[in-house]
Amino acid sequence: MSALPALPALPSGSLASRRETVADVLREAITSGRLEAGQKLTELGVAEQLGTSRAPVREALRQLEQEGLVISYPYRGTEVLGVSQEEIENVLVPVRTSLEKFAFRKAMPRLTDADYAHLQSLVNNMEAAADSADAALLADEDIRFHEAVVTLSDQQHCLQIWRSIQPRVRAYFRRDANHYSDATVVAAQHRELIDALRTGDERALDRAVTDHIHTHFGTTKDPSE
């Protein structure tokens, strides 16, 4: 594996704030693909790159391990974890399908005009990201849309589960965002979810959510084809 890519120096701040900043920097580097699967991460190496002490790096790596983005081995240090197609199809797809079908059903009768306006604004952001060929923003707005609906469902256990898998989902979204020949299809897919929410038909909504998740995760083929 190549040497650690250049990372930005951190601003001054408390240990807690520096830990969060280190975690944010590393999380962004991992989900964007700048830090590849198998990349070795050492406390000293990351600390020197970021211009900080080892303590916030140590805590940040523990946090990222809890998020499933890195793994620590005895005597071998810490490595970046990749997201395999096998994991996507056999873990993330089933978990997301069950979780989001339930959360979308619970959210449906609760959504207000303001909520729909917010969801539509996220879709508009997806369109703008596609128009500007900003794959990273496109993926991030996609994540925000799904987390918004899960949050609006008012099912705290669903939100906890979603947030536990979100970093790995985001990593795959970021990777896939570059694969669309026509990125505007992403916004269109989410408009269909909004339309399904507006119907008030739980069965139709279940089908829409299931189709949507499997379209995104079920294959590495370009979903716009």
**Study point:** Which atom of Gly82 lies closest to which atom of Glu87, heavy atoms considered
**Key:** O-OE1, 4.1 Å
Exercise for review: Indicate, with yes or no, if Leu122 and Val185 share a hydrophobic cluster defined by side-chain heavy-atom contacts under 4.5 Å among Ile, Leu, Val, Met, Phe, Trp and Tyr.
Suggested key: yes
Point to revise | Gln63 vs Glu20 side-chain heavy atoms within contact, under 4.5 Å | key: yes
Check your understanding: If you measure from OG on Ser53 to CZ on Arg19, what distance do you get to the nearest 0.5 Å?
Key -> 12.0 Å
Exercise for review: Enumerate the residue pairs fulfilling ring pair (Phe, Tyr, Trp, His ring centres under 6.0 Å) with a member in residues 122-147, sequence neighbours excluded, ordered by first and then second residue.
Suggested key: Phe145-His190, His146-His190, His146-His212
Point to revise | N-O pairing of Arg144 and Glu147 below 4.0 Å | key: no
Exercise for review: Rounded to the nearest 0.5 Å, what's the gap from OG1 on Thr42 to CZ on Arg58? Could you check?
Suggested key: 12.0 Å
Revision key, fill the gap. Tightest non-hydrogen contact, residues Val123 and Ala187, listed as CG1-O, 3.7 Å
Check your understanding: Is there a path of hydrophobic side-chain contacts, each under 4.5 Å between heavy atoms of I, L, V, M, F, W or Y residues, that connects Val22 with Leu81?
Key -> no
Practice item. Please tell me if the side chains of Glu59 and Arg62 come closer than 4.5 Å, counting only heavy atoms from C-beta onward. Key: yes
Review point. Hey, does Asp131 have a side-chain heavy atom less than 4.5 Å from the side chain of Thr184?
Key: yes
**Study point:** Shortest non-hydrogen separation from Arg110 to Ser153 and the atoms involved
**Key:** CD-O, 3.8 Å
Revision key, fill the gap. Those residues at least two apart in sequence (or on a different chain) that pass salt bridge (Lys or Arg N to Asp or Glu O under 4.0 Å) with Arg27 are Asp24, Glu67
Review point. Could you state the interatomic distance from CE (Met126) to OG (Ser121), rounded to the nearest 0.5 Å?
Key: 9.0 Å
Review point. Can you check whether Lys40 reaches Thr78 side chain to side chain, under 4.5 Å on heavy atoms?
Key: no
Review point. At what distance, to the nearest 0.5 angstrom, does CG of Leu50 lie from CD of Glu48?
Key: 10.5 Å
Exercise for review: Measure across Val80 and Glu36 and return the closest heavy-atom pair with its distance rounded to 0.1 Å.
Suggested key: CB-O, 3.3 Å
**Study point:** All salt bridge (Lys or Arg N to Asp or Glu O under 4.0 Å) counterparts of Asp134, not counting sequence neighbours
**Key:** none
Check your understanding: Using 4.0 Å as the upper bound for N to carboxylate O, is an ion pair formed by Arg170 and Asp142?
Key -> no
Check your understanding: Which atom names give the shortest non-hydrogen contact between Ala208 and Leu193, and what distance separates them?
Key -> O-CD2, 3.8 Å
Check your understanding: When clusters are formed by joining ILVMFWY residues with side-chain heavy atoms under 4.5 Å apart, either directly or through shared neighbours, do Ile194 and Leu152 land in the same one?
Key -> yes
Study note, to complete from the structure: All heavy atoms of Leu119 vs all of Ala148, minimum pair found to be CD2-CB, 3.9 Å
Exercise for review: Have a look at Tyr172 and tell me which of Val83, Thr31, Leu92 forms a side chain to side chain contact (heavy atoms under 4.5 Å, CB included) with it.
Suggested key: Val83
Check your understanding: Could you give the distance from OG1 (Thr97) to CG (Asp211), rounded to the nearest 0.5 Å?
Key -> 10.0 Å
Check your understanding: If you group Ile, Leu, Val, Met, Phe, Trp and Tyr by side-chain heavy-atom gaps below 4.5 Å, do Leu159 and Ile143 land in one group?
Key -> yes
**Study point:** Contact check, side chains of Val209 and Leu205, non-hydrogen atoms, under 4.5 Å
**Key:** yes
Exercise for review: Using modelled atom types only, decide if a donor and an acceptor are shared between the side chain of Thr199 and the backbone of Ala196 within a distance under 3.5 Å.
Suggested key: yes
Exercise for review: Output yes when a side-chain donor or acceptor of Glu141 lies under 3.5 Å from a complementary backbone atom of Ala129, and no otherwise.
Suggested key: no
Check your understanding: Glu127 versus Asn124: any side-chain heavy-atom pair under 4.5 Å?
Key -> yes
Review point. In the hydrophobic cluster built from side-chain contacts under 4.5 Å, what are the other members alongside Leu44?
Key: none
**Study point:** Distance, nearest 0.5 Å, that separates CZ of Arg96 from NZ of Lys101
**Key:** 13.0 Å
Exercise for review: Please collect all ring pair (Phe, Tyr, Trp, His ring centres under 6.0 Å) contacts where either partner lies in residues 89-130, sequence neighbours excluded, each pair once.
Suggested key: Phe102-His157
Check your understanding: So, are Arg34 and Glu28 salt-bridged, with charged N and O less than 4.0 Å apart?
Key -> no
Point to revise | Pairs touching residues 36-57 that satisfy ring pair (Phe, Tyr, Trp, His ring centres under 6.0 Å), sequence neighbours left out | key: none
Practice item. For side-chain contact (heavy atoms from CB on, under 4.5 Å), just list the numbers for Arg174 and Asp140, CA-CA rounded to whole Å, side-chain angles, deciding distance to a tenth of an Å, and then say yes or no. Key: CA-CA 8 Å; Arg174 291 287 292 266; Asp140 288 347; 3.7 Å; yes
Check your understanding: Are any of the side-chain heavy atoms of Asp206 and Arg105 separated by less than 4.5 Å?
Key -> yes
Practice item. Decide yes or no for Leu41 and Glu79: does some side-chain heavy atom of the first lie under 4.5 Å from some side-chain heavy atom of the second? Key: no
